[in-house]
Amino acid sequence: MYSSAELSRLVNDEIRALAQDLNTEVDQGNPYRFLCEDGCGAKVLLTLTAYIAANGAWLDGHKPPPPSN
């Protein structure tokens with residue numbers, strides 16, 4: 001069974017793949033609705049470029065800190 005955060009990431013990976021298939025040069029600034037990847041279920045409006053650059057989608061303050069060594 002997947003956690004809600006894992007499920008959100010899987011859904012977002014599918015949205016990203018579909019957006020990449022649909023995106024043309026004219027459409028590159030169009031936003032898509034991704035799920036917040038902390039598992040809260042909130043929608044996050046991002047362009048495909050912003051999603052890729054952030055390596056995911058989170059509401060402000062929801063992104064977990066990077067793991068420390």
### Under the side-chain contact (heavy atoms from CB on, under 4.5 Å) test, residues paired with A54 that sit two or more places apart
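If we apply the side-chain contact (heavy atoms from CB on, under 4.5 Å) test to A54, skipping adjacent residues, there are no hits.
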
So how far is it from [X] [atom1] to [Y] [atom2], rounded to the nearest 0.5 Å?
X   : Y   : atom1 : atom2 : answer
N12 : L46 : CG    : CG    : 9.0 Å
L48 : Y32 : CG    : OH    : 6.5 Å
L10 : I15 : CG    : CD1   : 11.0 Å
C40 : H62 : SG    : NE2   : 5.0 Å

### Query
Any donor-acceptor pair under 3.5 Å linking the side chain of E6 with the backbone of S3?
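Present.
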
### Message
Is it the case that the side chain of E37 and the backbone of A57 share a donor-acceptor pair, with hydrogens and angles ignored and the cut-off at 3.5 Å?
### Response
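Such a contact is found between E37 side chain and A57 backbone.
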
### Task
Check S8 against G39 and note the closest heavy-atom contact, atom names and distance.
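Scanning both residues completely, I find the closest heavy atoms to be OG-CA, 4.0 Å.
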
### Query
Which heavy atom of T47 sits nearest a heavy atom of G29, and at what distance?
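Closest approach of T47 to G29: CG2-O, 3.4 Å.
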
### Message
Hydrophobic clusters here meaning ILVMFWY residues chained together by side-chain heavy-atom distances under 4.5 Å, can you tell me if L35 and W58 are in one?
### Response
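No, L35 and W58 fall in different hydrophobic clusters.
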
### Message
Is the distance between the ring centroids of F34 and Y51 under 6.0 Å?
### Response
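Close enough - the centres of the two rings lie under 6.0 Å apart.
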
### Message
Any heavy-atom pair between the side chains of L59 and V44 that's under 4.5 Å?
### Response
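Answer yes - side chains close enough.
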
